[in-house]
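Below: the structure, in structure tokens.
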Amino acid sequence: MDLSSMTTLLLLMLLQINNAVSNVEEIQTYIIHMDHSHKPESFLTHEAWHKSTVKSLSSSSPAENGDGSEMLLYSYSHVMHGFSARLTPSQLSRLEKSPAHVATYPESFGKMFTTHSPKFLGLRQNLGLWPNASFGQDVIIGIIDTGIWPESESFSDKGMSEVPLRWKGVCENGTAFTPSLCNRKLIGARSFSKGLEAAGIPISKQYDYDSPRDFFGHGTHTSSTAAGNHVLSASHFGYAKGTARGVAPHAHVAMYKVLWASDSEESAASDVLGGMDQAISDGVDIMSLSLGFDFLPYYNDIIAIGSLSAVEKGIVVVCAAGNDGPSDNSTYNGAPWITTVGAGTLDRTFTATLTLDNGFTFEGESYFPESVYIADKPLYYGKDNVSKSTCDFGALDHKEVAEKVVFCDNPNGGDIYGQLEEVKNAGAYAAIFVSDMPDLDSEDFTIPALVLPMAKGALIKEYATRANTTKVKTLTFVNTNLGTKPAPQVADFSSRGPDPVTPGILKPDILAPGVDVLAAVAPNKMLMEVNNYNLASDYQLMSGTSMAAPHVAGVVALLKAVHREWSPAAIRSAIMTTAYNLDNTRNTIKDQGDGLAATPLEFGAGHINPNRAMNPGLVYDMDVQDYIEFLCGLGYTTKQMSAVIRRNQWSCRQQPTELNYPSFIAIFNSTDSSPKAKNFSRVVTNVGDDASSYFAFLEVPKGMKIAVEPSTLTFTGKNQEQGFVLSVEIDSNAPKVTYGYLKWIDQYNHIVSSPVVVITNAVSNVEEIQTYIIHVDHSHKPESFLTHAAWHKSTVKSLWSSSPAENDDSEMLLYLYSHVMHGFSARLTPSQLSRLEKSPAHVATYPESFGKMFTTHSPKFLGLRQNLGLWPNASFGQDVIIGILDSGICPESESFGDKGMSEVPLRWKGVCENGTAFTPSLCNKKLIGARSFSKGHEAADFSGHATHTSSTAAGNHVLSASHFGYAKGTARGVAPHSHVAMYKVLWAAYTNKSAASDVLAWMNQAISDGIDIMSLSLGFDFLPYYNDIIAIGSLSAVEKGIVVLCAAGNDGPSRNSTYNGAPWITTVGAGTLDRTFTATLTLDNGFTVEGESYFPKSVYIADKPLYYGKDSVRKSTCDFGALDHKEVAEKVVFCDNPRGGGIDGQLEEYATRANTTYVKTLTFVNTNLGTKPAPQVAFLSSRGPDPITPSILKPDILAPGVDVLGALAPNKRFMEVNNYNLASDYQLILGTSMAAPHVAGVVALLKAVHREWSPAAIRSAIMTTAYNLDNTGNTIKVLLPRL
């Protein structure tokens, strides 16, 4: 090679390396919080400083282009001082070293929480809050949502006042949006999408607009709910017909679009923060957010941080609580400065009316969107067939149900939607369903149908069973019923407390209408399809806490208009202390899901009552300093505090103070001594009559005591403050959740109500026993203990002896580790763990985690020959011991016969243990050890995965093995004379996962037993090495000369997806073999073609008609439900795939043009060797760069991992054919799980030849002799996924 060629080659190699590094230095979006006091005086504005900062970073990175302007997304000056930008990790690292840096928030993504209601709220045209507030005049509500449809009548400015002079906002230009669309109602409209675009999440050009225009209807709905103008005759296809209006119809609206039509309808944190920052700057009075992010501490919660900035400026922030009910601890947006809103029902239902010909009349839930009138139609009930009676999938016959109303029984409360689809597909005229918990949405009613309660359904069933002829006399739709009881109820989806971040603050704060709320939407968005027509409407019913939050935002606007001087805390207090907790039957508000009485954990202070909130009498007020005191009590670091409150200096009292919240919640541990008691200090401010006296009225349930001191509060003027102390006490027999009320009542009939909630056992729930792996410093072992094991046992015993309520400590210690680390695993409570971690002997704690599996012609494909090369030189791996960590073993398999095996090595210390369906006698000279490890979680039967991996690595010779005839031949492992030791850590529980404590115990035992090789076909989450138990355990093994091989994982084709990438581990990716499995088709025109097939029977099909539905597109492509049994019976069906191309087109041409088409022959179970190209990288095989250490190239090596034949548990059902369950003792499996044991086998052969080689030397030999060209002489390719 000449010098110029070498230079060119070197340059290409360097370019490739640079490309690899740029992949690792992937640009991501970060929100950067800066300390504004560090701004150099040379910059006039913070924004100029931010721009310069980002520019300096980009100028030091030659790979970046431009001046850095494309990297800067937003500059924030209100929600925080800082910016969001697209940065590489190294740029971020440099930035974080700046003394001006406060905090970094990686980009994250939020989700949406998806009217008669003003009347239900008690708002009246000429009385109460509406006229006193001039319907919200001059108040500005900022909505953070999906945009707005400005042409909606709800945003007409008829009757609106002028735009307030303080308003600084604008209406921006954009796709299908111009400033001229704004008016005195819609006074601002902006969009924020830089963060989403920077994250590589495309905004749909087909379904969305690059502007504030609404794509989804969600933002239009929430905006019109809060402040929509009056619109006559609005309805949802005739349902809920009447005048639609927002809660504050004369308030102004400003839309900040942060939610976009992307793959997931998510919002980027940087965009949400941008919208909130702009809203503060523009001058909104209220922010309403119907979205949320993951549960995070406040210093990482961008909504909490941004909203505290808003509250500090007098802006009320209202947020949806989330739709994760009925789960406990599921509230979002629970910061105490946010008003958090749960969803309740209205006293309105939508029904259809059914009358049978026996005179019985029933009303049932229905949203069918057409006012059809059905009369004198037969009632069909499949009473003689269970499947037909319950409308099971595929059960109904069109001929039987056509022109009939079908009654579907539902004795087990099953899937109504599936029944509806079956009735629809069968072509029935209409349907009757039964359920006490209908789970259908309004858009699901695509056929005339109603849902009746189970009790009413039983009457119809009796009639349909006993009567000779059954008929529906009439069935009518589009009925709206008002005054439904009970109402309100807590919506079953509404998120519940205790709050997951701060359970000591009762959340949600308030309940508001959130079920079937009628409001404006984008009129071009299809809601449903009926009779092949797409239906849309400019007003629709929606449900969610998303719908509840804008109701409260509207009420806040009304209160703002009346009480401009009130703080955000005072407004929230007024709303909470005047709420009601009884429904319209005068009973406690119920839970919609189970019909039982709800608690303040579901409804907060109660249901909002706007008119009473106008004049609450007293308020529990707070300012920003109160919130700072609260945050100080959370134990945040200086940096974390600064991140939330956006300042460098603050003061806190030495003693923590109670937040002056309008509700009370105490949480006790079940182990606390009885009676359990807590005191609360509060201060109330008089906003009612000047001279007034309030008396404490207490509602106290059995088992609870509440006392108030003083019990009388006397005021002589407005804004006067009085303090009191509330004491709560419960006895040992109190239920888990118990609550009462404190009500301050004065002579003017003000009732200031606060819930007092006590949770027992909540702390003990937090103190749930969990498994932890404890790493200790063995040099701290006291001399009084002869062994480390005795020391560890004593340590655990001492922890449990101080917990009298707990079990025998002997059950708590799981494993003792002395090889992979010095330490143990044990089941501990968090408080016990805390005590343990204070010990000077403690090194590290690893909470229990769970790994997942990465689920043989292959020796020949690897070039192994009987009489030549590595096999004979290594004596086929003789005397080498391979330890397999996996799902157990089927010892009876022929692959583990010990014919021809050498004796068990004398160095071996392992055993074969007794257990279910396993005895030591099942072991032999091949299978020399078998143990199981299941203390980390429960054991059960399993899959055969490890039998496969063990036989792949070291299975003995087995003649005529096959997968139902495919791949038939001699099955053997790569090292057929090596010994196998099985360590079972994968169990059928927990989706075939393994507990970290079990895996570590196995590795510890395997080292002690004397294995030469560890093979692991599983992995845990990507963790730094000090938290990665496989990395820790394997380093101990390598230190003792044991080679550790691990599967790279099955997360391909994603980059940065390799598992088990520590540099002392040999990490194995999966490739294909040069083998395919096919069937052969010959047509009667002589055309022959081979195609992929794994059909497990060697059938021979001859002279059968070929069917192709050429006259019907759906039949030609074999769409669901398209084929007719009579047309295809005894025929071979050809299914077109017009986007597939290739041979498919030739078959289509033959099937279309020929008059008669026949399949001459079709044969199965063909195995073809020498397939090209091979090998290929399996599509599923995980790729580098390694996510933990990208500078180490991973995976290390490729090995066969696709359609590998290995032994399996013969009692495991594989598939069903012709109603028979098929199983086999050898099967084809794919995954890096199959690749790793191939390399383990090769390592065993190398170990047998080179006993002196270190694990690194063996890996080096394998890697440096690998090939990268396939059997066509080209670079190895990637195998595309099977369709």
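How far CG of Asn229 is from OG of Ser156: 5.5 Å, rounded to the nearest 0.5 Å. Distance check: Ser753 OG to Asn609 CG gives 11.5 Å after rounding to the nearest 0.5 Å. For the atom pair CD of Gln640 and CD1 of Ile645, the computed distance is 12.0 Å after rounding to the nearest 0.5 Å. In this structure, NZ on Lys743 lies 15.5 Å from NE2 on His750, to the nearest 0.5 angstrom. With rounding to the nearest 0.5 Å, the separation of OG in Ser567 from CE in Met622 is 8.0 Å. Here the CG-OG distance, from Leu506 to Ser754, works out to 10.0 Å after rounding to the nearest 0.5 Å.
Partners of His607 under the ring pair (Phe, Tyr, Trp, His ring centres under 6.0 Å) rule, at least two apart in sequence or in another chain, are Phe120, Tyr580. Scanning for side chain to side chain donor-acceptor pair (under 3.5 Å) contacts around Thr222 gives Asp145, with sequence neighbours left out. Contacts of Gln540 classified as side chain to side chain donor-acceptor pair (under 3.5 Å), with partners at least two apart in sequence or in another chain: none. Every ring pair (Phe, Tyr, Trp, His ring centres under 6.0 Å) that Tyr298 has, sequence neighbours left out, goes to Trp337. Residues meeting the side chain to side chain donor-acceptor pair (under 3.5 Å) test with Asp499, sequence neighbours left out: Thr331.
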Applying salt bridge (Lys or Arg N to Asp or Glu O under 4.0 Å), run through Lys194 and Asp271 and close with a yes or a no. CA-CA 7 Å; Lys194 295 176 184 177; Asp271 294 334; over 6 Å; no
Walk me through whether Thr577 and Val619 qualify under side chain to side chain contact (heavy atoms under 4.5 Å, CB included). CA-CA 8 Å; Thr577 59; Val619 294; 6.0 Å; no
Practice prompt. Step by step, work out the side chain to side chain contact (heavy atoms under 4.5 Å, CB included) result for Val752 and Val684.
Written response: CA-CA 10 Å; Val752 186; Val684 288; 5.8 Å; no
### Task
Please assess Tyr620 against Tyr661 for the test ring pair (Phe, Tyr, Trp, His ring centres under 6.0 Å), listing each intermediate value before the final yes or no.
CA-CA 6 Å; Tyr620 294 79; Tyr661 217 73; 9.0 Å; no
As a quick check of understanding, evaluate salt bridge (Lys or Arg N to Asp or Glu O under 4.0 Å) for Asp157 and Arg184, giving each step before the final call. CA-CA 5 Å; Asp157 62 359; Arg184 289 173 298 172; 3.4 Å; yes
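Looking only at side-chain heavy atoms (C-beta outward), Asn719 and Asn686 stay at 4.5 Å or farther from each other. Within the 4.5 Å cutoff, the side chain of Trp260 has heavy atoms near those of the Ser193 side chain. Lys158 places none of its side-chain heavy atoms less than 4.5 Å from the side chain of Asn183.
Under 4.0 Å is where a charged nitrogen must lie from a carboxylate oxygen, and between Lys257 and Asp208 at least one such pair does. A salt bridge is defined here as a Lys NZ or Arg NE, NH1 or NH2 lying under 4.0 Å from an Asp or Glu carboxylate O, and Arg564 with Asp285 meets this definition. A salt bridge between Lys185 and Glu153 is absent, with no side-chain N of the basic residue lying under 4.0 Å from a carboxylate O of the acidic one.
When every heavy atom of Lys525 is checked against every heavy atom of Phe215, the shortest pair comes out as CD-O, 4.0 Å. When all heavy atoms of Arg646 and Ile305 are compared, the closest pair comes out as NH1-O, 4.4 Å. Contact detail for Pro616 and Ala574: the closest heavy-atom pair is CG-CB, 3.7 Å. Heavy-atom minimum distance, Ala605 versus Ala579: O-CB, 3.8 Å. Ala553 and Ile286 make their closest contact through O-CD1, 3.8 Å (heavy atoms, listed as atom of the first residue, atom of the second, distance). Nearest heavy-atom pair across Val517 and Arg348 is CA-NH2, 4.4 Å.
A side-chain donor-acceptor contact under 3.5 Å links Asp138 and Ser161. In this model, no donor atom of one side chain and acceptor atom of the other lie less than 3.5 Å apart for Asp621 and Thr685. Under 3.5 Å, the side chains of Thr599 and Glu602 contain a donor-acceptor pair of N or O atoms. In summary, the side chains of Asp294 and Tyr332 do not present any donor paired with an acceptor at a separation below 3.5 Å, with no hydrogens or angles considered. No hydrogens or angles considered: nothing links the side chains of Ser211 and Glu172 as a donor-acceptor pair under 3.5 Å. Between the side chains of Asn333 and Thr340, no donor-acceptor pair is found at a separation under 3.5 Å. Donor-acceptor pairing under 3.5 Å is recorded for the side chains of Tyr741 and Asn581.
Checking side-chain atoms of Thr345 against main-chain N and O of Gln489 turns up a donor-acceptor pair under 3.5 Å. Here the side chain of Asp214 pairs a donor or acceptor atom with the backbone of Thr220 at under 3.5 angstrom. Not a single donor-acceptor pair under 3.5 Å links the side chain of Ser573 to the backbone N or O of Ala569. Between the side chain of Arg572 and the backbone N or O of Ile338, at least one donor-acceptor pair lies under 3.5 Å. Ser495 places a side-chain N or O within 3.5 Å of a backbone atom of Asp324 that can act as its donor or acceptor partner.
The aromatic rings of Phe603 and Tyr739 sit perpendicular, their planes meeting at an angle over 60°, well past the 30° parallel limit.
For Leu582, the CG atom counts as densely surrounded, since its 6.0 Å shell holds more than 12 non-hydrogen atoms of other residues, nucleotides or ligands.
Under the 6.0 Å distance and 45° angle rule, Arg245 does not count as a cation-pi partner of Phe135. Under the 6.0 Å distance and 45° angle rule, Arg213 counts as a cation-pi partner of Trp149.
For residues 142-172, the set of pairs meeting the disulfide bond (SG atoms under 2.5 Å apart) definition, not counting sequence neighbours, comprises Cys171-Cys182.
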